Chemist: 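Before I ask anything, here is the structure I am working with.
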Amino acid sequence: MSTGSPTPDSSERAATAAESPTPATERRSVASRLLSGPAGRSVGLIIALLILILVGAVTAGSDFTSLDNMLVILRLASVIGVVAIGVTFVITAGGIDLSVGSVLGLASVVASLGAIQTAASGFWPLMVFVSIAVGVVAGLTNGLIIAYGKVVAFMATLAMLVAARGLAELISQRQSQVVSNQGFLSFFRGELLGISWVVWIFALVSVAGWFLLNRTTFGRRTVAIGGNATAARLAGVNVRRHLTYLYMLSGATAGIAATMLLSRTTAGTSTHGQLYELDAIAAVVVGGTLLVGGRGTIGGTVLGVLLFATLTNVFTQNNLSTSVQLVAKGIIIVVAVLLQQRFANRDASAPTG
Amino acid sequence: MIEDDHSTSLLEIRGLTKAFGSARALKGVDLDVRAGEVHCVLGQNGAGKSTLIKTLSGAHQPDDGEIRWKGEAVTIAGPVAGLELGIATMYQELDVVDGLSVAENIFLGHELSRGGVLNRRSAAKRTRELMARLGHPGITPSTEVGTLSPASKQIVAMARALSHDIELMIMDEPSSVLDSEEVDNLFRVVAELTRQGIAVIYISHRLEEIERIGDRITVLKDGRSEASNLPVAQTPTRQLIALMTGTDIEHVFPPAVPLAADAPTVLQVEGLSLPGRFENVDFSVRAGEIVGLAGLVGSGRSELLETIFGHRRASAGAVRVKGRTLRAGAVDDAVAAGVGFTPEERKSQGLLLEEPIFKNATLSTFSRFAKGGLLDEAAERRATAEQIAALDLRPADPDRITRTLSGGNQQKIMLARWLIHGTTVLLLDEPTRGVDVGARMEIYRLIRELAAAGTALVIVSSEIEEVIGLADRVLVIADGRILADRPAASIDEHGVLDLVMKGSAA
């Protein structure tokens with residue numbers, strides 16, 4: 001009646017018991033493992049970016065491949081890029097920040113107020129500080145409402161999106177405020193090693209963001225909250241305080257981006273940053289950060305931003321309408337999310353015993 | 001008992017194997033199921049139970065071996081194919097939809113309709129018939145499933161299986177979410193099903209349940225059927241444990257260490273109240289003491305633990321650890337004071353399933369390892385590796401993703417977290433739920449060792465035997481009140497149940 005021989009050797013038993021919960025990685029081919037790992041997702045993005053560059057080179061030739069044009073793409077990417085770094089943190093923690101575009105507009109208006117510019121006449125970085133401060137205060141408001149008021153992040157930041165835009169209109173009386181502070185303008189027009197300071201700021205914020213997310217306790221808390229907020233709380237993490245910090249961080253990066261945009265357009269207006277929140281979220285998600293939280297990648301976000309900036313440039317170089325561009329963007333977003341889900345499902349299908 | 005000869009098999013499995021890449025989950029499983037019998041499948045986590053179920057329900061395809069259904073070789077291509085044959089599976093994680101009504105859940109996917117219009121009346125009628133058949137006429141067709149208890153949800157899931165014309169129902173650890181009274185009820189339903197000729201494959205690792213309802217047993221170990229189709233009545237429990245673990249178990253609970261006479265009181269709970277859950281609860285725990293909370297599901301025992309820890313905010317009263325009063329509703333304050341807690345739902349409340357073991361083990365201590373806010377993952381891995389060795393956690397790899405581990409090993413990670421933290425008070429809610437026998441004994445041993453080292457422990461368990469076997473002192477709780485506070489040696493399972501019943505009636 002009994003089948004299957006009993007295993008006499010206990011060490012053999014231990015060995016087989018250890019192997020039975022199969023890791024998802026072991027039963028996948030090298031290629032798919034490469035594509036689904038955190039670095040692998042970036043490989044996919046790099047391939048997509050290279051294809052796009054190839055298309056640009058073939059269709060627009062040296063107009064596209066010139067060093068100048070490459071720098072144009074980087075400058076184009078920088079403002080959204082800085083916004084997207086902050087948004088990456090919020091999304092990694094399982095939140096969302098829809099207000100960054102409006103907060104950027106508000107910060108640009110406040111920083112370019114006549115009074116602020118006059119006060120900053122001897123010390124231009126004051127404009128930058130003011131801009132960041134506006135972002136941080138807006139983020140603090142978001143954070144307090146979400147973490148302590150227990151309002152869903154989507155609604156809280158949607159309210160801030162509307163309110164910050166309105167406040168910017170009230171303060172500026174819907175007028176453009178020309179930036180006349182020469183110190184501010186000449187700094188941002190300046191270059192280092194032939195590359196605009198605007199691009200360097202993006203690089204700096206990205207590196208700092210990567211370090212913060214991957215190497216610090218702040219980053220660990222962010223990932224833990226996104227992965228399982230209850231588990232993080234029950235392990236002693238002050239989830240509410242940390243969430244508040246995250247929205248402040250997202251506001252701060254919007255404030256930094258505001259000064260970059262101020263220098264490029266040389267004017268502060270309440271219309272700055274419209275729809276930037278969607279561009280930033282798209283770049284973050286296409287980059288591989290999970291919208292449900294728990295997994296975030298700064299490198300992916302940078303690649304996502306570069307992908308969209310290059311796409312825009314390729315279309316512009318070929319004189320295609322922005323409408324076509326929007327359709328292409330939409331398709332890229334859907335394809336990226338579909339790929340993400342496929343790999344997520346594959347990960348989840350590992351047997352558990 | 002079913003006669004061994006004469007009866008033909010409904011389902012015959014021979015030499016079933018299934019591998020995932022290099023890991024072989026099933027290495028040869030033989031099993032026969034007869035119409036109208038309860039066939040228990042027993043095995044530790046990782047023995048291949050889940051894979052076997054998924055193969056029978058059509059979720060996985062076997063690599064080799066034969067499945068014969070009523071004497072004919074079949075392939076079960078998918079869940080729908082399984083249902084068409086007459087095999088329904090009730091998974092541990094009940095797949096009922098909370099937002100829908102009972103009737104809508106039962107006919108989900110095969111809605112009764114006429115020309116595309118839902119026929120609510122006949123759905124309601126058939127639901128009432130099914131509920132009557134299951135002995136639960138109290139569950140009405142229009143009730144929203146989200147408002148039902150886990151036990152009632154289980155009945156709904158069973159009714160859904162029965163709404164298809166099934167002959168075999170596979171139940172994956174159905175009793176794991178139930179308390180003892182609800183288990184009795186479940187067994188009545190199982191008996192009713194078998195009386196109607198439906199066979200049941202019953203997966204569990206609670207041996208006493210198998211003795212109560214099983215006709216025959218198949219024991220899985222390391223993906224093999226270690227012994228197939230043993231008659232329950234002629235198989236002693238010790239033999240089953242030996243088959244399952246490969247060792248002969250003399251004592252399930254390790255011996256208690258006597259409490260030092262001068263052990264100081266470290267946890268004081270004074271007048272703690274949570275409206276609607278418990279009222280004015282007082283008790284204290286001394287260093288090295290294990291206090292067990294016994295009571296039915298809904299008695300307020302889990303909520304009491306969560307309130308002590310600050311996961312819920314008490315409306316009145318205080319919790320003191322070594323004399324220091326904890327801030328109400330502040331988990332971080334409790335953790336800072338040296339209190340640890342392992343929740344009942346460790347997957348949804350305790351673990352970051354997508355993260356490696358070490359990040360879960362150091363979730364409450366990673367800032368301590370860090371220098372100036374910079375993580376020291378090497379130190380975290382070292383500390384985790386130490387615990388992995390001490391707790392015999394498998395696989396012994398700090399970087400293994402937590403989701404891939406068995407329930408027992410996941411619980412060990414939770415314990416490792418608080419061992420690394422070094423707690424003076426440890427609160428354990430259902431520490432052995434979903435944990436197989438082998439790991440269970442290791443967890444018992446660990447709890448005793450912690451107590452011997454001076455940790456004060458409070459344990460909640462649905463298994464009264466576990467509470468009495470582990471604790472130095474037992475608090476019996478019913479309807480949010482502590483009815484008795486007695487040394488564990490002076491009370492038995494019967495006594496606890498007696499108190500619980502009286503308390504609930506009062």
Side-chain angles (χ1 to χ4, degrees), chain A residues 1-10 12-29 211-212 214-221 223-241 290 292-295 344 347-353, chain B residues 20-25 28-30 44-51 54 60 221-230 243 246-247 309 311 331-332 334-336 341 343 348-355 359-360 363-364 366-367 370 373-375 394-396 400-401 403-406 409 417:
Chain A
M1 203 178 227
S2 162
T3 56
S5 61
T7 326
D9 184 353
S10 67
E12 187 190 327
R13 197 166 46 77
T16 44
E19 102 186 289
S20 44
T22 321
T25 46
E26 267 174 33
R27 55 191 189 83
R28 271 190 264 135
S29 71
F211 190 79
L212 190 63
N214 296 296
R215 289 286 180 265
T216 68
T217 54
F218 186 92
R220 179 70 67 79
R221 276 183 208 110
V223 175
I225 291 170
N228 188 339
T230 310
R233 181 172 132 79
L234 291 183
V237 174
N238 191 331
V239 173
R240 291 192 290 190
R241 190 172 63 197
L290 288 185
V292 290
R295 186 180 295 169
D347 284 347
S349 65
T352 50
Chain B
F20 297 98
S22 61
R24 295 194 296 157
V29 173
D30 296 339
Q44 304 202 44
N45 281 343
K49 288 175 297 179
S50 304
T51 312
K54 285 182 181 155
H60 289 329
K221 202 184 101 198
D222 299 338
R224 280 195 189 85
S225 40
E226 198 70 12
S228 297
N229 316 323
L230 299 174
L243 283 167
T247 50
F309 192 55
H311 186 34
V331 171
D332 48 342
V335 172
F341 170 66
S348 64
Q349 303 196 310
L351 294 165
L352 307 172
L353 291 172
E354 302 305 321
E355 297 292 335
K359 287 190 185 174
N360 276 294
L363 192 58
S364 71
F366 62 83
S367 347
L374 296 188
L375 294 168
R394 287 176 197 170
R400 181 60 67 94
I401 298 300
R403 178 175 31 72
T404 64
L405 271 63
S406 67
N409 283 311
R417 176 185 298 169

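Remember, predicted model here, so these are calculated numbers, not experimental data. Computed over heavy atoms, backbone and side chain alike; hydrogens, waters and symmetry mates excluded. Residue numbers start from 1 in every chain, and the chains themselves are labelled A, B, ... in the order their sequence lines are given, proteins ahead of strands.
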Chemist: Which distance, rounded to the nearest 0.5 Å, do you find between the CG of B:L374 and the CG of A:L212?
Modeler: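 These two atoms lie 10.0 Å from each other.
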Chemist: Please rank B:A370, B:S348, B:A396, B:A336 by heavy-atom pairs under 4.5 Å with chain A and give me the top one.
Modeler: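 Ranked by heavy-atom pairs under 4.5 Å with chain A, first place is B:S348.
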Chemist: Specify which of B:S367, B:G28, B:S364 makes the most heavy-atom pairs with chain A at under 4.5 Å.
Modeler: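 The candidate making the most pairs under 4.5 Å is B:S364.
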Chemist: Identify the heavy atoms of A:A235 and B:R417 that sit nearest to each other, and give their distance.
Modeler: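 That would be CB-NH1, 3.9 Å.
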Chemist: Please name all residues satisfying ring-ring contact (aromatic ring centres under 6.0 Å, His included) with B:F309, sequence neighbours left out, ordered by chain then number.
Modeler: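 Scan of B:F309 (ring-ring contact (aromatic ring centres under 6.0 Å, His included), adjacent residues dropped) gives B:F341.
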Chemist: Quick one: closest heavy-atom pair of A:L234 and B:Q349, and the distance?
Modeler: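 Scanning both residues, the minimum pair turns out to be CD1-O, 3.6 Å.
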Chemist: Using a 4.5 Å cut-off on heavy atoms from C-beta on, say whether the side chain of A:T217 contacts that of B:L375.
Modeler: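 The answer is yes, as the side chains (C-beta and beyond) meet within the 4.5 Å cut-off.
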Chemist: Sequence neighbours excluded, which residues qualify as salt bridge (charged side-chain N to carboxylate O under 4.0 Å, His left out) partners of A:R221?
Modeler: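 In terms of salt bridge (charged side-chain N to carboxylate O under 4.0 Å, His left out), with neighbours along the sequence ignored, A:R221 is linked to no residue.
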Chemist: Does B:L351 offer a backbone N or O that forms a donor-acceptor pair with the side chain of A:N228 under 3.5 Å?
Modeler: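 Such a contact is found between A:N228 side chain and B:L351 backbone.
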Chemist: Could you check which of B:N360, B:V331, B:I401 has the highest count of heavy-atom pairs closer than 4.5 Å to chain A?
Modeler: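 The answer is B:V331.
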